[in-house]
Amino acid sequence: MPLKGKHIVLGISGGIAAYKSAYLLRLLIRKGAEVQVVITPNGKEFITPATLAALSGKPVVSEFFAANTGEWHSHVDLGIWADLMIVAPATASTIGKMANGIADNMLITTYLSAKEQVMVAPAMDLDMWAHPSTQRNVSRLRQDGVIIVEPAAGELASGLTGKGRMEEPEKIVEAAEKYFLRQENKPLTGKRVVVSAGPTYENIDPVRFIGNYSSGKMGFAIANAFRQAGADVTLVAGPVGNDLKLYSGIRRINVRSALEMLEAMEKEFLCSDIAVCAAAVADYAPAEYADKKIKRAKTDGMTLHLVKNPDISARLGAIKGQRFLAGFALETDNELINALSKMERKNLDMIVLNSLRDEGAGMMTDTNKITILTREGNTYGYDLKSKREVAEDIVSFIAGHIGGDD
Ligand code: C5P
């Protein structure tokens with residue numbers, strides 16, 4: 001009974017699917033949760049607070065102040081009280097406000113005050129769901145750590161058929177139960193983990209560098225998933241954008257070049273049990289750094305002399321001992337053969353293969369499709385998933401593997 005005794009804030013915004021929220025509320029209560037409903041002004045046009053108050057056994061919160069007494073409803077208290085906030089249905093407008101912090105109603109202020117996990121079940125017409133603006137906002141929420149319960153495809157209130165229907169209440173409850181089970185199940189408690197993420201930048205002169213398009217999303221998601229599994233996590237991050245979220249308690253070491261990353265990784269690995277090399281390390285760096293900006297020459301061409309960077313994962317492989325070491329292989333052809341030979345060469349225990357031939361896989365996407373290969377010669381294929389889910393798969397695989405399940 002993972003929902004027993006859990007405090008859940010159920011946020012309801014103004015969509016036709018709000019009628020399903022009454023059923024969702026009943027299911028949550030039946031599973032033993034305590035539920036507080038927060039509804040937007042538009043939500044009340046679709047379902048009455050009286051129904052929701054009767055089902056939850058608590059007055060529904062909607063306004064900032066009680067009309068008769070002027071009493072202030074504290075979204076801060078609600079945000080602290082909640083073990084989980086579920087927004088269902090989440091309209092395009094509510095998703096947009098959540099993604100951008102537009103706090104003009106109680107649902108959004110509660111969201112901004114929520115200390116624990118937030119889960120969103122979008123509901124809208126297919127064109128609204130597919131619109132780049134909605135997709136941008138949804139992807140923003142994902143980056144902010146919100147769990148998205150993807151809408152299902154089917155008949156919509158507009159009469160059209162397509163993706164946009166709010167997922168069925170049973171499925172939303174299932175997602176909530178899964179979340180709490182994951183929270184309770186901390187198989188890596190007591191383990192120390194170091195993860196590398198992002199690109200490296202190799203300086204040419206004070207204004208130029210050699211870099212690559214790695215976003216760091218995969219490595220950050222892996223660090224978060226390890227933390228969620230109870231591990232003590234250090235993230236060694238190359239230069240990435242500042243919109244990547246890290247769970248609290250993760251130690252972050254910022255580096256720029258491959259040499260800096262090597263130094264941090266070697267030092268951390270020696271006092272860790274597990275390392276995952278998810279960084280896209282530049283293979284070569286300029287042989288010399290010019291301390292003044294290089295001037296444009298009169299000649300047509302210019303030659304930059306490069307030297308090979310150390311292979312960080314191979315260096316860790318050489319000092320591995322009993323530690324567990326995982327790497328990545330991003331391939332375009334002969335994927336399996338290349339990945340296997342990398343695992344061998346670098347002395348890895350496991351390699352995560354992603355092929356650029358798979359749509360949605362790779363460096364700059366929000367999704368990934370992986371195959372895990374182990375030193376023992378086993379191969380495990382996974383579906384295309386969000387990087388967050390892929391990270392959870394990788395971490396639970398490692399947890400099972402070092403526990404001897406493979
Ligand atoms: O050989 P390749 O670069 O494809 O191998 C990828 C794997 O090796 C990744 O896990 C990456 O983090 C790691 N790597 C490294 N140091 C390098 C190059 C790659 O740790 N110089």
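Since the model is a prediction, treat every value here as computed from it, not as a measurement. Read the numbers this way: they start at 1 and go in the same order the structure lists the ligands and their atoms.
A cation-pi arrangement is absent between Arg192 and Phe226, since the terminal nitrogen or guanidinium carbon is not both under 6.0 Å from the aromatic centre and inside a 45° cone about the axis.
At least one side-chain heavy atom of Glu268 sits under 4.5 Å from a side-chain heavy atom of Ile253. Side-chain contact between Met218 and Ile394 is present, with at least one heavy-atom pair separated by less than 4.5 Å.
For the residues Ser214, Ser313, Ala278, Ser196, the heavy atom positioned nearest atom 14 (N) of ligand 1 is part of Ser313.
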> Going through the checks in order, is the salt bridge (Lys or Arg N to Asp or Glu O under 4.0 Å) test met by Glu184 and Lys6?
Replying inline: CA-CA 12 Å; Glu184 281 151 25; Lys6 290 291 185 304; 3.3 Å; yes
> How far apart are the C-alpha atoms of Glu170 and Lys31, what are their side-chain angles, what is the distance that settles it, and do they pass the salt bridge (Lys or Arg N to Asp or Glu O under 4.0 Å) test?
Replying inline: CA-CA 11 Å; Glu170 287 84 355; Lys31 298 264 184 184; over 6 Å; no
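Of all atoms in ligand 1, numbered sequentially from 1 with element shown, those under 4.0 Å from a heavy atom of Gly327 are 10 (O). When each atom of ligand 1 is checked for a heavy atom of Lys342 under 4.0 Å away, the hits are 1 (O), 2 (P), 4 (O), 5 (O). The ligand atoms of ligand 1 that sit less than 4.0 angstrom from a heavy atom of Cys277 are 9 (C), 10 (O), 12 (O).
Protein heavy atom in closest approach to atom 11 (C) of ligand 1: Ala279 O, 3.3 Å. What sits closest to atom 6 (C) of ligand 1 on the protein, heavy atoms only, is Phe328 O, 3.0 Å. The shortest contact between atom 21 (N) of ligand 1 and any protein heavy atom is with Pro310 O, 2.9 Å. When only non-hydrogen protein atoms are considered, atom 19 (C) of ligand 1 lies nearest to Lys346 NZ, 3.8 Å. Looking only at heavy atoms of the protein, atom 17 (C) of ligand 1 is closest to Val281 CB, 3.5 Å.
Checked against a 6.0 Å centroid threshold, the rings of His75 and Tyr111 do not count as neighbours.
Ligand 1 lies less than 4.0 angstrom from a heavy atom belonging to Asp311.
If you look at Ile312 next to ligand 1, the close heavy atoms, those under 4.0 Å, come from the backbone and the side chain alike.
Counting non-hydrogen atoms of neighbouring residues, nucleotides and ligands closer than 6.0 angstrom, the NZ atom of Lys115 reaches no more than 12 such neighbours.
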